[in-house]
Structure formats: C-alpha cells, structure tokens
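See structure below.
First listed ligand is number 1; within each ligand, the first listed atom is number 1. Heavy atoms only: backbone and side chains are in, while hydrogens, waters and symmetry mates are out.
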Amino acid sequence: MSGLIPPKAGRGMPVIPDLAVSSAPVAAAALPVTAKPTLAGLPRAALAEFLSGHGVPEKEIRMRVGQIWHWLYVRGATGFDEMTNVAKTLRALLDANATLARPEIVREQVSVDGTRKWVLRLPSRTAHDKGAEVECVYIPEKDRGTLCVSSQVGCTLNCSFCHTGTQKLVRNLEVSEIVGQVLVARDRLGDYPGRTPPEGAFVPNDGGRFVSNIVFMGMGEPLYNYENVRDAIGVLTDPEGLQLSRRRITVSTSGVVPEIARLGTDTGTMLAISLHATNDPLRDVLVPINKKYDIAELLQACRNYPGVSNARRITFEYVMLKGVNDSLAEARALVKLLKGIPAKINLIPFNPWPGSIYACSDWERIEKFSDLVFSAGYSSPIRTPRGRDILAACGQLKSDTEKMRARARLMLEEQLALGAE
Ligand code: SAH
Ligand code: SF4
C-alpha cells in the first residue's frame, strides 16, 4: 500500500498558515443572529411543535411541515419569502416569529488542496454567551465531497494528541447546529438545484452532490451528545429532504462503549473507532476514556455492532505517533487484536498543533506499518492529510477560546442553572 500520498507529506510537516490561498470573513453568507429562533436544521417534530405553538390548525400541520421541509432541505431557502406555495399569511407569521439563520460564518479558509474550513459562530443562548465557535471542514475529491462536522464545542475527553481536547469551553451542539453545518456548506458551495459553486472552487465532478459524505470527526465526542447526533442524522438522511445515504455517514467515537449498540440500531450509520494503541497502558494515556472502557470491552462492542459485515466494515483510526505507537510489533498486535472483526484501518499521520508534545512518525515507518497490516488482509490506507496549511486536518480543530475563557465559566454556570446540559 505504498505511495498513497507523496512521501514528503508524512514527515511531521510543520503547519504553514500562509499557504492558504484565501482566508476571509464571509459577511454576505452570514445571517444575523437574532432573538428569534431559527427553523433551519430542525427535525420534523420540532417544526410541527413550532407551528402548533403559533396557532397553525392541527389539521394543516403535516402539510405545512412538508412544504417548509422541502424549501429548507431540498431547495436551500434562506428566507420565508422564497416559499411561494406557502400561504402569504403563514409566511408573514413565520417571518415575525422565526428566522432561517444558519450558524454565522466568522471565517472561511481555502487550502491549496481545495479543502475548506469554516469557523462558525453559534447563536448565543445566555447573557454571557457571546456565541460559541465550532469548525467544520469540507474535503472535496473527484467523486465525493466529505464534510467533517462537529458535534460539541470543544471536548471533555482530553486525548493527549488532540488539539480539541485542550479546549476549556465545552457544550453539546443542538440538532439545528449540527444540521446547520451541512446547510452552511451547501449554501457556500452552491449545492442546490439551479445554483453554482464559487468561482474556482474544487468540487466533485461526477455529477453527484457536492456534499455527499458526512463524517462526525470534527470537534467533540459524538456519543456524548447522543440524542442530538441521532436526530441530526435523521434530518440528514430524510428521503424527502437532504437524502444523504446512511452508508455515507460515519460516526467516529473515542470509545463510549454503552452508546455504540444503539447508534447502530437507531441510525444504521457507519462506525469509526479511534483506537490509536494496541495495549491498555498506552491507550490509557493517549485516549483516557480507555480507563473507563478498555480495549477488550470496546472491541466486543464492535463485534456486536448492528449491521456489521464485510460490506459494512468498521473503520479503526490509528494516529501515527513517532516512537510512541508506531513499532512493527504494534502493527502485528493490531492485526491480532482485530482478528474476526470486519475492519479497515485508517492510518492517520499525526497532525501537529502549537504546543503538541508528539511528532509524526517517519514516512518510511508509516509505509512499513501499512504494508504489514495490508499483507495481513486489511485495507490500510494512509489518510492523506488535507488542509494542513489551514489547520483543518484531523485533531487540529479548536475554536479561538483564548478570547472566550473568561466567559466560559459564567456560561457553564448559567447552563447548569438552566439545566441546559
Ligand atoms: N471525538 C471523536 C471524533 C473526533 S476526532 C473521536 O475521537 O473519534 C476525529 C479523529 O481525529 C479521531 O480519530 C482522532 O483521534 C483523530 N485525531 C485527533 N487529533 C489528531 C491529530 N493531532 N492528528 C491526527 N489525528 C488526530
Ligand atoms: Fe475528544 Fe476525539 Fe479529540 Fe479525544 S480525539 S479529545 S475524543 S475530539
């Protein structure tokens, strides 16, 4: 499995921010945050509840939800005035009481390789919350466009090689904030009937959708925000709306074992496991949730994952850390560990971030590791680092919390008081 990425790319490449071809605020795409709630990103039940709460007769609600749903998710409407088949009086009522605001784009960066990163500000929820920020990354290829979405602001889990884990401010994203990331990407890429991508944008050219795949590999641990992630997947896969295929949605977890089975049953999505080590003492350090659910328990949950088969393999992510987990003995241990599980192994060259204590394994070592795993019968692609120049690669995401830290404690206190999380 040699030669999947150019040899130089694996060598602990430094982060070079000024390689980005563009990095600019995108004021035009951002809708103003107002006190009115947004309907963009809501599931059907929440839309129905909103309409019912605003006096729409019960017998009309199903039909109205269907209309709004179509405008939101098939046509990408950003204003109620576009919804021409919705009665004018209802449009006025909606306009007076709601918006179709997406998360606000604070910054858009485009990498030399076509990867796009959006820094998104979420609507404020309490007096001291000036709007938390999350990041979302679009990775275009010839035949697919993958959007890497965040499920939480920050992450509580502190994996020692991950930038997101160093962020203090943590909260769960709402369903509309998860779906909103997909809407932002589709808005910016012109991924709706009759629209076109921005001049010079790199998008798939196979005639399919520009956003065809979703990976929950941005900020946060998706299974610590289970209900919202599940409901967001419901919106993303709705056959009358966004229509994404469940097999093109992958949820990555550090190993929240008790939630794995119901993820499979409820959503039918693909599963990825951040394994990163082949023995418990090392995994305890790299992925500390291992102290709660060890490797044996985690792999048992994988064997039992509903729907797992050779056609629906589980992806095991393995970050290549120089001198830490990259020996060939560990490659052999990995093969042994995964025996009997329909698996593919994604080797991820470590992406450095300011202050990280690890280095990326040497390229030759990554190739040898990959060859060994491959010759044991596993697909073992080395994940091409994308968007490194704009800090958009795996584990490099972190919102600008330095500015937010002072407010973080106040926000958390307010959330606790509200019982919000
Ligand atoms: N919290 C979830 C999903 C988000 S992280 C999880 O841990 O699975 C997405 C992937 O990026 C995970 O496999 C994670 O371990 C990996 N990752 C984190 N930091 C990284 C880094 N600096 N370099 C390469 N991969 C990293
Ligand atoms: Fe959280 Fe995943 Fe990063 Fe670990 S790797 S700190 S679980 S985002």
**Q.** Residue and atom, protein N/O/S, under 2.8 Å of atom 3 (Fe) of ligand 2
**A.** C162 SG
Q.
Tell me whether atom 2 (Fe) of ligand 2 lies less than 4.0 Å from at least one protein heavy-atom position.
A. no
Q) Taking the minimum heavy-atom distance to atom 4 (C) of ligand 1, which of C155, S252, G218 ranks first? A) G218
Q: Answer yes if the side chains of E49 and S52 hold a donor-acceptor pair under 3.5 Å, and no otherwise.
A: no
Q. Of the options T315, T253, I341, which is the one that meets I273 in a side chain to side chain contact (heavy atoms under 4.5 Å, CB included)?
A. T253
Q | Proximal ligand 1 atoms for F216, defined as those under 4.0 Å from one of its heavy atoms | A | 3 (C)
Q: Tell me yes or no: between the side chains of N228 and N172, is some donor less than 3.5 Å from an acceptor?
A: no
(Q) Residue-level breakdown please: for T253 versus ligand 1, do any non-hydrogen atoms fall below 4.0 Å on the side chain, on the backbone, on both, or on neither? (A) backbone
Q.
I'd like to check which ligand 1 atoms, numbered from 1 as shown, lie under 4.0 Å from a non-hydrogen atom of I348.
A. 24 (C), 25 (N)
Q: Quick one: pull up CG in L42 and CG in L47 and give me the separation to the nearest 0.5 Å.
A: 5.0 Å
Q) For ligand 1, which atoms sit closer than 4.0 Å to a heavy atom of W353? A) 22 (N)
Q) Between W71 and Q67, is a side chain to side chain donor-acceptor pair (under 3.5 Å) present by the stated rule, with each step listed? A) CA-CA 6 Å; W71 283 106; Q67 288 175 326; over 6 Å; no
Q: Indicate whether any N or O donor in one side chain lies under 3.5 Å from an N or O acceptor in the other, for D326 and S361.
A: yes
Q) What part of N351, side chain, backbone, both or neither, has a heavy atom within less than 4.0 angstrom of ligand 1? A) both
Q | 4.0 Å heavy-atom contact, G165 with ligand 1 | A | no
Q: Would you check, one step at a time, whether the test side chain to side chain contact (heavy atoms under 4.5 Å, CB included) holds for I260 with V256?
A: CA-CA 7 Å; I260 289 179; V256 186; 5.8 Å; no
Q) Would F316 and Y378 count as a ring pair (Phe, Tyr, Trp, His ring centres under 6.0 Å) if you check the C-alpha gap in whole Å, the side-chain angles of each, and the deciding distance to 0.1 Å? A) CA-CA 11 Å; F316 288 88; Y378 290 97; 8.7 Å; no
Q: Side-chain contact test, heavy atoms from C-beta onward, threshold under 4.5 Å: evaluate it for F216 versus T250 and give yes or no.
A: no
Q. Counting only heavy atoms, which portion of E317 has something under 4.0 Å from ligand 1: side chain, backbone, both, or neither?
A. side chain
Q) Do any heavy atoms of H276 fall under 4.0 Å from ligand 1? A) yes
Q. Just which atoms of ligand 1 are under 4.0 Å from any heavy atom in G220?
A. 1 (N), 2 (C), 3 (C), 4 (C)
(Q) Using a plain distance cutoff, I'd like to know if F161 has any nitrogen or oxygen under 3.5 Å from a nitrogen or oxygen of ligand 1. (A) yes
Q: State plainly whether the residues E177 and R171 are in salt-bridge range, i.e. N to O under 4.0 Å.
A: yes
Q. Does S274, backbone or side chain, put an N or O under 3.5 Å from an N or O of ligand 1?
A. yes
Q: Using a strict cut-off of 4.0 Å, indicate which atoms of ligand 1 neighbour a heavy atom of C162.
A: 18 (C), 19 (N)
Q) Just by distance, do the side chain of Q152 and the backbone of E221 share a donor-acceptor pair under 3.5 Å? A) yes
Q: Would you mind telling me which of R116, K117, Q181 makes a side chain to side chain contact (heavy atoms under 4.5 Å, CB included) with C136?
A: Q181
Q. How about Y358 and S160: does a side-chain donor come under 3.5 Å of a side-chain acceptor?
A. yes
